[in-house]
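Single-structure report; data block below.
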Amino acid sequence: METADKIKELREQTGMTRKDFAVHMGIPLRTMEDWEAGRRRPPEYIPRLMSYQLKYEELIKKAEGEKDEG
């Protein structure tokens, strides 16, 4: 899978707009747009770090939800 496709897929999984996703990840909007459009290529580790961050946030939400229930 192309890097641009992977980044777009990660963003779409969150349901965020490009702007919201860029702010959430701490990446300039123009950079995010260029990456998704394939005009620029981020380093190979960037999509992997994004994926790790999103999974981590999901685990934290789940753990907090379980803590609130128990």
Side-chain angles (χ1 to χ4, degrees):
M1 177 180 286
E2 280 288 321
T3 305
D5 296 332
K6 182 63 177 169
I7 291 172
K8 185 175 182 179
E9 180 183 301
L10 288 169
R11 178 182 60 78
E12 288 175 344
Q13 288 174 359
T14 67
M16 293 183 198
T17 63
R18 279 190 187 108
K19 181 178 180 180
D20 291 340
F21 192 69
V23 168
H24 184 77
M25 291 293 169
I27 297 168
L29 176 59
R30 179 68 59 148
T31 300
M32 186 68 67
E33 291 171 342
D34 287 346
W35 287 350
E36 281 194 19
R39 291 185 294 263
R40 294 176 55 197
R41 289 183 58 112
E44 292 296 320
Y45 62 87
I46 294 294
R48 193 168 49 245
L49 285 177
M50 289 177 171
S51 178
Y52 292 155
Q53 179 177 341
L54 294 172
K55 286 178 185 174
Y56 175 77
E57 291 168 354
E58 188 177 316
L59 288 171
I60 294 299
K61 273 187 196 176
K62 185 177 179 183
E64 288 175 351
E66 290 175 357
K67 188 167 74 172
D68 291 342
E69 291 176 3

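The basis for the numbers below is simple: all heavy atoms, side chains too, and nothing from hydrogens, waters or symmetry mates. Computed from a predicted model, the values in this text were never measured in an experiment. The residues of the chain are indexed from 1 along the displayed sequence.
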Identify which one of Lys8, Glu2, Glu9 satisfies the side chain to side chain contact (heavy atoms under 4.5 Å, CB included) criterion when paired with Lys6.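 That would be Glu9.
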
Report, as yes or no, whether the 6.0 Å neighbourhood of atom CD on Glu58 holds more than 12 heavy atoms from other residues, nucleotides or ligands.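 No, CD of Glu58 has 12 or fewer neighbouring heavy atoms, counting only those of other groups under 6.0 Å.
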
Just how far is it from atom [atom1] of [X] to atom [atom2] of [Y], taken to the nearest 0.5 Å?
X	Y	atom1	atom2	result
Met50	Tyr45	CE	OH	10.5 Å
Asp34	Leu29	CG	CG	9.5 Å
Ile27	Glu33	CD1	CD	12.5 Å

For [X] and [Y], work out which heavy atoms get closest and say how close.
X	Y	value
Trp35	Ile7	CE3-CD1, 3.7 Å
Pro47	Thr3	CG-CG2, 3.5 Å
Met16	Arg11	O-NH1, 3.2 Å

Using the rule that two of Ile, Leu, Val, Met, Phe, Trp, Tyr join whenever any of their side-chain heavy atoms come within less than 4.5 Å, decide whether Leu49 and Met32 are in one cluster.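 Yes, it is one cluster - the side chains of Leu49 and Met32 are joined through contacts under 4.5 Å.
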
Given the rule that I, L, V, M, F, W and Y join up when any side-chain heavy atoms are under 4.5 Å apart, are Leu54 and Leu59 in one cluster?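 Different clusters.
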
Got a sec, which hydrophobics cluster with Ile60, joining ILVMFWY side chains under 4.5 Å apart, including via others?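 Its cluster partners, ordered by chain and number, are Tyr56.
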
Can you list the residues that meet the side-chain hydrogen bond (donor to acceptor under 3.5 Å, both in side chains) rule with Glu44, with sequence neighbours excluded?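 Applying side-chain hydrogen bond (donor to acceptor under 3.5 Å, both in side chains) to Glu44 gives Arg41.
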
Check the pair Thr14 / His24 against side-chain contact (heavy atoms from CB on, under 4.5 Å), numbers first and verdict last. CA-CA 11 Å; Thr14 67; His24 184 77; over 6 Å; no

Qualifying salt bridge (Lys or Arg N to Asp or Glu O under 4.0 Å) pairs with a residue from residues 14-23, counting only residues at least two apart or across chains: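 Found Arg18-Glu36.
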
